[in-house]
Amino acid sequence: MRVAVPVFPGSNCDHDALHACGTVMGWDTIPVWHQETALPANTDLVFVPGGFSYGDYLRCGAIAALSPIMGDIKRHAENGGLVFGVCNGFQILCEAHLLPGALLRNDTLRFIHKWVHLRVERNSLPFTSSLKAGQVICVPMAHAEGNYTLDEGGLADLEARNGVAFRYCDAAGAVGEDHTPNGAANAIAGITNLRGNVLGMMPHPERAVEAAMGGLDGLPIFQSLAAAFTKA
Amino acid sequence: MSTMLEPQVNEALALSLGLSPEEWQVALRLVDGRMPTYPELGIFSAMWSEHCSYKSSRIHLRNLPTEGPRVLQGPGENAGVVDIGDGWAVAFKMESHNHPSYIEPYQGAATGVGGILRDVFTMGARPLANMNSLRFGELDGSNPQSGRMKSLVKGVAAGIAGYGNCMGIAMLGGDCAFDACYNGNILVNAFSLGLLRGDRIFRGYASGVGNKVMYIGSKTGRDGIHGASMASAEFGEGSEEKRPTVQVGDPFTEKLLLEACMELFATDWVIGIQDMGAAGLTSSSFEMASRAETGLRLDLDQVPMREEGMTPFELMLSESQERMLLVAKPGHEADVVRVLHKWGLDAVVVGEVTDSGRFIGMWHGEKVIDLPIQPLADAAPKYDRPRSRPEWLDALNAEAMPEDLKAAEVERTLRRLLAQPTVASKGWIFEQYDGTVRSNTLLMQGRGDAGIIRIKGEDGKDTGKAVAMKSDCNGRYAHLDPFWGAAHAVAEACRNVSCVGAEPIGLTDCLNYGNPEKPENMWAFEQGTLGIRQACLALGVPVVSGNVSLYNDTEGVSIFPTPMIGAVGLIEDAALPVDVHAPDATALAKVGNRFCGSGFRAAFDGIFLLGETRDELGGSEYLKLRTGRVYGPCPELWLDDEFRLQACVREGIRLGLIRSAHDTSEGGLLTAVLESAFQGGMGCQLMLTRGGLRLDSLLFGESAGRIVVSVSPDGESALKALCETHRVPFAKLGTTGGKRVTVAVDGQPLLDADAADLAAIHGTALEKALG
């Protein structure tokens, strides 16, 4: 399995992505500088990492979405290839219109770092097949702009097509405003596109794949991806 | 020499730039009797400022023990470096940004983080973890400016978050306390630690005559001019006007500079490199040439400038951020430029190394600066300032304690104590910092007495090693006894590192004191260095880097002496490898590691106190709550007991016997036990024995050298044996678990409260106080 990790100026979770995919999962994982115009041959998964691409100037992810490498990432997605964006990666995928909606400033107006509970809403994706629907996982979140928003009609469409992959919840799986740390619409933590091959989420499952990190709840996502490629 | 429109240089101008009349005479001698140019005068003013020259503190800094078998680089470089085995080393340092943060909290704190990060990565180290030590004034009505103080807390936290998060450095905590002595002068001390190979340390040497001197990073602007001299004077009414001397940070640019430097350090193109920090181009160029005993010629007109019309004076003194001075290996200048350009940054040759021993500054072909480097550094004033023990100290120490707390008052007192900002959870602040980025964090802020990161090798796999860190200082103790208060800071920082299972291997300090021209402050400073020395020698830990911040006064009022200590500890084999493809990898997460946190782990564990409780209320949070004042004797510190206590707790953790450890500090024993319960999400049942102590000393006194631990029910006899081996006093306090907190003293019930209710007070008090 070959993973490409695009690196933008200001990316800082590229190391987390490389560690989880390369060191922990043992996949062939290649950092790709944003000025490249082509992904490595036979790329199976593009992992768009978190961080502060272009310093979050203008809007989070807005400038990175126009980087040269994004053209090939879009082609990869159009051809059915898997694209996984975490944190700033999710913001970039939204800005690049690979996913609907936008990430606004947290309603607390502060950066928040903590371990949060997420309820798995859909386990029929190549990213989530090793999880059970309704299962609660606990992974770190670390962002200031994770308040997911979408116009009313778009949100209804997203829900109707079962496009929400993860929602913020409490330890027992209950969803509500009190358990949504950033004000995200419908407690949305992660979404997928219509085809189900692009997933974006604000929390960091790649930071919960070893016992040493304090939790292993992110691991099933990577095990799901491994299974998807064994099948293919 | 210069034809530019510049102020007339004379003694009056020199004095207005902060030189003393004596220093002006030395300056005249150094330029052989001619009148210095305006930029030369700026250089004298900056180089001889307290901030750059350590002129008041230097003779006392010699007291600090700086040597040890692990020390690869002691004080004097950008950061200290300590060997952690197998060729790996860590570079770390702590530095103050107090004055800028008081004037402009967001940028002041942000650039403090930026500056300390550059100090660490200039050494060739990849920064992996940050901490910060914060001291704020009172947030309640006792402070007439409490509204401003609240905005300072918010601004400082946001500034640290804004810079550190963007850089992608895990924030492992630090410490934060509140006292009226900081009402007019907050403390913002930033710590950073990075990883490097011990044989790949980069230093600030301008060596090799003819080698090119390169300027890399951001362009130079007019921000921060006179920052160093601002940090070298008391605050007064006009300090607000100094806002323009606060630098403005751009963490995005620094992230690019970091990555560019990391690329350069992997090559052999760099001979020497130095961060442009306080006094910018002036101190970086003089220090680099001074260390290498060479000279420098710089073409100042070649320096990349942010705006037009800048003068040599401004270029030499600007403290614009995110800049480095670098000496390149001959023939590789273009390679350096290529790397910097890849990251979108400037890199230009601005001069070369000479053998003249002089600093020559050229401006469009005209010589505007011509100063001898070593004589100027050697001539930096060194003061043995008058010192005197304050007359009021004995009376303050001898004042009588209030009468003992009544049993009926225990619960109300506890609830109020848990809500004091110094005792309450600092989650509101620390939650704003990314604590897990780079996937190294084994113990994040709030989960243990120290933060821990693991060390991954070049192949990305665990080396098994882990590094713990914590900063500490109780300024109240240092107020009551400057010597023992400083020793306490060392002991407590090392104790906290030991409480997670790490052996302390090196310290950095940030010595925050008042105006050194007041003999009482200078005496406290000297006592502080001697106290640090005593504790370091007793605990076997050297100081490898540090910083001094004097003139922490506003309108004549000095802060309490606050010698902040950052301790770094090593765990040789912390992380157990886990096979992620194992059928039940989650179960392995529950296997005990060779470190521990502060929270209780399971119900029915035994809770024990290691160490001795004495009748000690002096300087305690409890005493301040009851009387509104800080007085009494400083708690005792028995350093040989401390050494054995720390060795004992480390061994208990290594054996897997001790499941949680938390030292007692502000708020005393009951607060410490409850913090472990809150962290573990459970209650506890305590049955205490008074043993002749006052009730308040037992519950809330702050005797040092005590650690609350928990062990499984079958571990009790092993813990007893361990403590006997180490000759550490040992007492059972009670049992973990349940939803309630109950306390009985000598069989008499004193408290029965809902654990979640108390935890909520502790967890939300700071946010409420910040309103």
Side-chain angles (χ1 to χ4, degrees), chain A residues 7-26 29 33 35 49-57 87-88 106 108-115 139-144 171 181 204 206-220 222-223 226, chain B residues 126 154 157-158 161-162 164-171 250-256 258-259 342-344 427-428 430-447 452 454 456 459-462 466 574-578 580-581 585-591 593 597:
Chain A
V7 180
F8 305 93
S11 292
N12 65 29
C13 308
D14 47 333
H15 178 87
D16 298 307
L18 294 167
H19 181 74
C21 297
T23 311
V24 178
M25 297 307 296
T29 308
W33 185 236
Q35 284 184 328
F52 289 65
S53 59
Y54 293 94
D56 275 356
Y57 296 145
C87 201
N88 189 221
N106 296 345
T108 62
L109 304 179
R110 293 192 298 274
F111 188 100
I112 304 169
H113 169 255
K114 64 178 176 185
W115 287 70
V139 300
M141 65 174 267
H143 60 251
H204 288 274
E206 81 281 19
R207 294 191 196 171
V209 293
E210 290 176 288
M213 295 174 172
L216 284 161
D217 282 5
L219 194 57
F222 293 86
Q223 288 166 333
Chain B
R126 158 75 72 179
K154 292 173 187 169
N165 293 342
C166 182
M167 288 292 290
I169 315 295
M171 177 66 82
D250 177 2
F252 173 57
T253 299
E254 177 134 316
K255 170 69 175 165
L256 303 179
L258 164 65
E259 297 305 331
K342 173 191 162 186
W343 291 97
W428 188 91
F430 287 102
E431 219 175 76
Q432 298 183 48
Y433 312 144
D434 191 343
T436 50
V437 63
R438 294 193 76 78
S439 301
N440 294 320
T441 306
L442 299 185
L443 205 54
M444 64 182 231
Q445 188 281 326
R447 296 204 175 173
I452 310 181
R454 61 174 165 178
K456 293 190 295 225
D459 59 359
K461 296 202 166 77
D462 274 355
L576 298 171
V578 172
V580 296
H581 304 292
T586 313
L588 293 169
K590 298 189 168 62
V591 174
N593 283 304

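Computed from a predicted structure; not experimentally measured. In what follows, chains are A, B, ... by sequence order, proteins preceding strands, each numbered from 1.
To the nearest 0.5 Å, the span separating CG on A:D16 from CZ on B:R438 amounts to 7.5 Å. Atom CG of A:N12 sits about 8.5 Å away from atom CG of B:N165, to the nearest 0.5 Å. Here the CZ-CE distance, from A:F111 to B:M171, works out to 11.0 Å after rounding to the nearest 0.5 Å. Between the NZ atom of A:K114 and the CD atom of B:Q432 there is a distance of 12.0 Å, given to the nearest 0.5 Å.
A pairwise comparison of heavy atoms in B:K255 and A:S11 identifies CE-O, 3.1 Å as the closest pair. Between A:P9 and B:L256, the shortest heavy-atom contact is CB-CD2, 3.6 Å.
Contacts of B:K154 with chain A are absent, with no heavy-atom separation under 4.5 Å from either backbone or side chain. In this structure, chain B has no heavy atom under 4.5 Å from any part of A:F222. Only the backbone of B:T441 comes within contact range of chain A, with heavy atoms under 4.5 Å apart. With a 4.5 Å cut-off on non-hydrogen atoms, A:P140 touches chain B through its side chain but not through its backbone.
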Inset, instruction - Report the C-alpha distance between A:R207 and B:V437 in whole Å, list the side-chain angles of each, state the deciding distance to 0.1 Å, and finish with yes or no for side-chain contact (heavy atoms from CB on, under 4.5 Å). - result: CA-CA 8 Å; A:R207 294 191 196 171; B:V437 63; 3.5 Å; yes
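Side-chain atoms of B:E431 and A:T108, non-hydrogen and from C-beta on, never get closer than 4.5 Å to each other. Taking 4.5 Å as the limit, some side-chain heavy atom of A:M213 sits within range of a side-chain heavy atom of B:R454. A:H113 has its side chain within reach of B:M444: a pair of non-hydrogen atoms, C-beta onward, lies under 4.5 Å apart. Looking at B:R126 and A:H15, their side chains never come closer than 4.5 Å, going by heavy atoms from C-beta outward.
Among B:D459, B:N440, B:D250, B:I452, the residue making the largest number of heavy-atom pairs under 4.5 Å with chain A is B:D250.
Classified by interplanar angle (parallel below 30°, tilted 30° to 60°, perpendicular above 60°), the ring pair A:W33/B:W343 is perpendicular.
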